[in-house]
Amino acid sequence: MSEANGPKKRKMSLEKRHNLTGWAFLAPATIMIAIMSFWPMIQALILSFQTGKANNLEFGGLTNYIRMFKDKVFMTSLGNTFLYLIIQVPIMLVLALMLAQMLNNKDLRGKGIFRTAIFLPCATSLVSYAIIFRSLFGVDGFINSVLINLGILDKGYNFLGNAFSAKVVIIIALVWRWTGYNMVFYLAGLQNIEYSVYEAAKIDGASPMQTFFKITVPLLKPTIVMTAIMSTNGTLQLFDESVNLTKGGPGQTTLTMSHYIYDTVFKFVPTFGYASAMSFLIFIIVAILAFIQMKVGDKRD
């Protein structure tokens with residue numbers, strides 16, 4: 001009896017050692033994530049139920065959450081952020097997919113140069129590129145100089161001083177910077193698709209458009225869903241463009257939620273509880289949209 005149980009005990013102990021080894025490797029990262037991410041989130045959640053200025057805080061229940069929906073500035077920033085999300089994200093993802101499809105052509109020469117050139121914008125500093133776009137679209141900037149020389153404008157147009165054009169500039173800046181980043185994901189996905197699939201479709205008489213929508217898009221669906229979630233998350237936390245490119249202006253017409261949270265904590269008299277409540281609203285919105293996107297993208301039975 002003992003001989004029969006011997007190998008089983010040895011096997012269980014080996015599995016246990018493997019599990020302990022795995023947890024030993026995971027433990028440092030798990031502890032760091034818990035300390036640096038989850039614990040601050042819990043603290044912020046507790047703080048969101050407190051009211052008062054600076055360090056004079058007291059429990060206020062849902063006061064901060066009710067205040068958000070009465071705050072016209074916050075509602076403006078919420079509308080601005082969703083406008084960027086609805087317009088910029090689809091344009092960026094479609095453009096990234098088109099560029100990836102073109103650069104995946106095995107007969108294209110100089111693919112490495114084109115890929116690097118398109119990817120480079122996302123390697124630039126957020127502050128630097130915002131300042132560059134601010135200079136480009138200034139009244140005396142390069143864009144106005146070109147338009148005046150072409151006879152389209154008589155004098156420099158204040159792109160950043162008009163609410164509509166300022167939002168357009170932010171959208172253009174976001175598309176310029178992040179398209180190459182998403183293109184890399186699509187390019188990696190395309191290279192995992194067997195070329196024989198496209199050859200079979202070509203033999204069957206499928207047009208390039210049919211091949212794209214019937215083969216490429218369905219096979220890239222997991223990657224498309226992933227990039228959509230990441231882009232949604234990033235856009236809802238948009239900060240640098242609002243702060244450095246337009247400074248939230250003119251007025252508050254380009255102000256984003258993250259920019260308003262920053263002002264609430266660092267620019268005005270600090271109201272940490274209210275800022276925490278706004279931050280958690282962003283977290284909830286991101287979670288809901290990510291869940292919807294995953295459900296829409298998952299067509300498994």
Side-chain angles (χ1 to χ4, degrees), residues 33 37-38 41 44-45 48 65 68-69 74-104 118-119 121-122 126 167-168 170-193 197 209-242 254-261 277-301:
I33 291 171
S37 296
F38 291 112
M41 287 172 62
L45 179 61
S48 71
Y65 291 93
M68 278 190 294
F69 297 99
F74 176 75
M75 296 308 292
T76 298
S77 69
L78 180 65
N80 292 337
T81 305
F82 267 90
L83 179 68
Y84 301 140
L85 174 67
I86 293 168
I87 297 176
Q88 175 259 334
V89 171
I91 293 174
M92 177 183 63
L93 295 184
V94 170
L95 186 58
L97 185 55
M98 292 171 61
L99 289 170
Q101 181 74 8
M102 288 188 289
L103 293 177
N104 193 48
I118 296 171
F119 179 76
C122 74
L126 286 167
K167 291 176 182 176
V168 171
I170 288 179
I171 291 170
I172 292 172
L174 290 169
V175 171
W176 177 81
R177 191 178 195 279
W178 295 109
T179 296
Y181 179 80
N182 290 286
M183 181 202 71
V184 171
F185 288 102
Y186 293 144
L187 198 56
L190 286 170
Q191 291 176 350
N192 287 326
I193 300 174
V197 177
M209 195 67 68
Q210 289 175 324
T211 302
F212 179 76
F213 285 105
K214 298 293 184 180
I215 296 176
T216 303
V217 173
L219 292 175
L220 280 181
K221 187 178 291 183
T223 307
I224 294 172
V225 171
M226 180 192 70
T227 54
I229 291 172
M230 290 194 306
S231 300
T232 299
N233 184 15
T235 305
L236 288 175
Q237 298 180 64
L238 197 63
F239 176 76
D240 292 270
E241 290 76 10
S242 177
T254 60
L255 186 72
T256 62
M257 291 188 289
S258 294
H259 187 178
Y260 185 49
I261 292 169
M278 289 189 287
S279 300
F280 258 87
L281 180 64
I282 296 177
F283 171 76
I284 292 168
I285 293 172
V286 169
I288 291 171
L289 291 179
F291 178 78
I292 293 171
Q293 288 168 335
M294 289 176 67
K295 284 296 181 183
V296 171
D298 188 2
K299 296 298 183 182
R300 293 175 296 178
D301 296 329

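The structure displayed is predicted, hence computed values, not measured ones.
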Next on the checklist: Checking Leu126 now: which residues fulfil side-chain contact (heavy atoms from CB on, under 4.5 Å) with it, not counting sequence neighbours?
Outcome noted: Tyr129, Arg177, Trp178, Asp240, Glu241
Identify every side-chain donor-acceptor pair in residues 80-87 under 3.5 Å, counting partners at least two apart or on other chains, and give the distances.
unit_1	atom_1	unit_2	atom_2	d
Asn80	ND2	Thr76	O	3.3
Asn80	ND2	Gln252	O	3.2
Asn80	ND2	Thr253	O	3.2
Asn80	ND2	Leu255	O	2.9
Thr81	OG1	Ser77	O	2.8
Thr81	OG1	Met257	N	3.3
Tyr84	OH	Thr254	O	3.4

Checklist entry - Has Phe212 got more than 12 heavy atoms of other residues, nucleotides or ligands less than 6.0 Å from its CZ? => result yes
Checklist entry - Atom CG in Leu219, atom CG in Leu190: separation rounded to 0.5 Å? => result 9.5 Å
Item to check | Verdict with reasoning, Leu93 to Thr179, per side chain to side chain contact (heavy atoms under 4.5 Å, CB included) | outcome: CA-CA 7 Å; Leu93 295 184; Thr179 296; over 6 Å; no
Checklist entry - Should the heavy atoms of other residues, nucleotides or ligands under 6.0 Å from CE of Met41 be counted, would the total exceed 12? => result yes
Checklist entry - What residues, two or more places apart in sequence or in another chain, satisfy side-chain contact (heavy atoms from CB on, under 4.5 Å) together with Val197? => result Glu194, Ile215
Next on the checklist: Under the criterion side chain to side chain contact (heavy atoms under 4.5 Å, CB included), I'd like the reasoning laid out for Asn182 against Ser231: C-alpha separation, chi angles, the key distance, then a yes or no.
Outcome noted: CA-CA 9 Å; Asn182 290 286; Ser231 300; 3.6 Å; yes
Item to check | Euclidean distance, Leu289 CG relative to Leu236 CG, rounded to 0.5 Å | outcome: 6.0 Å
Item to check | ring pair (Phe, Tyr, Trp, His ring centres under 6.0 Å): pairs with one or both residues in residues 213-241, sequence neighbours excluded | outcome: Phe239-Tyr262
Checklist entry - Taking only residues two or more places apart in sequence or in another chain, which ones pass side-chain contact (heavy atoms from CB on, under 4.5 Å) with Met68? => result Tyr65, Phe74, Tyr274, Ala277, Met278, Leu281
Next on the checklist: Closer than 3.5 angstrom, by distance alone: can the side chain of Thr223 be matched with the main-chain N or O of Gly189 as a donor-acceptor pair?
Outcome noted: no
Checklist outcome for this item: The reported gap from OG1 in Thr232 to CD in Gln237 (rounded to nearest 0.5 angstrom) is 11.0 Å
Checklist outcome for this item: Rounded to the nearest 0.5 angstrom, the CD1-CD distance for Ile224 and Gln293 is 12.0 Å
Checklist outcome for this item: OG1 (Thr211) and CD (Gln101) are apart, to the nearest 0.5 Å, by 9.0 Å
Item to check | Residues which pass side-chain contact (heavy atoms from CB on, under 4.5 Å) with Met230, listed by chain and number, not counting sequence neighbours | outcome: Tyr181, Phe185, Met226, Thr227
Checklist outcome for this item: Separation between CG (Leu45) and CZ (Phe280), nearest 0.5 Å, reads 4.0 Å
Checklist entry - Do the non-hydrogen side-chain atoms of Ile172 and Gln88 ever get within less than 4.5 Å of each other? => result no
Item to check | Audit row: Ile170, Thr256, side chain to side chain contact (heavy atoms under 4.5 Å, CB included) steps and yes/no | outcome: CA-CA 11 Å; Ile170 288 179; Thr256 62; over 6 Å; no
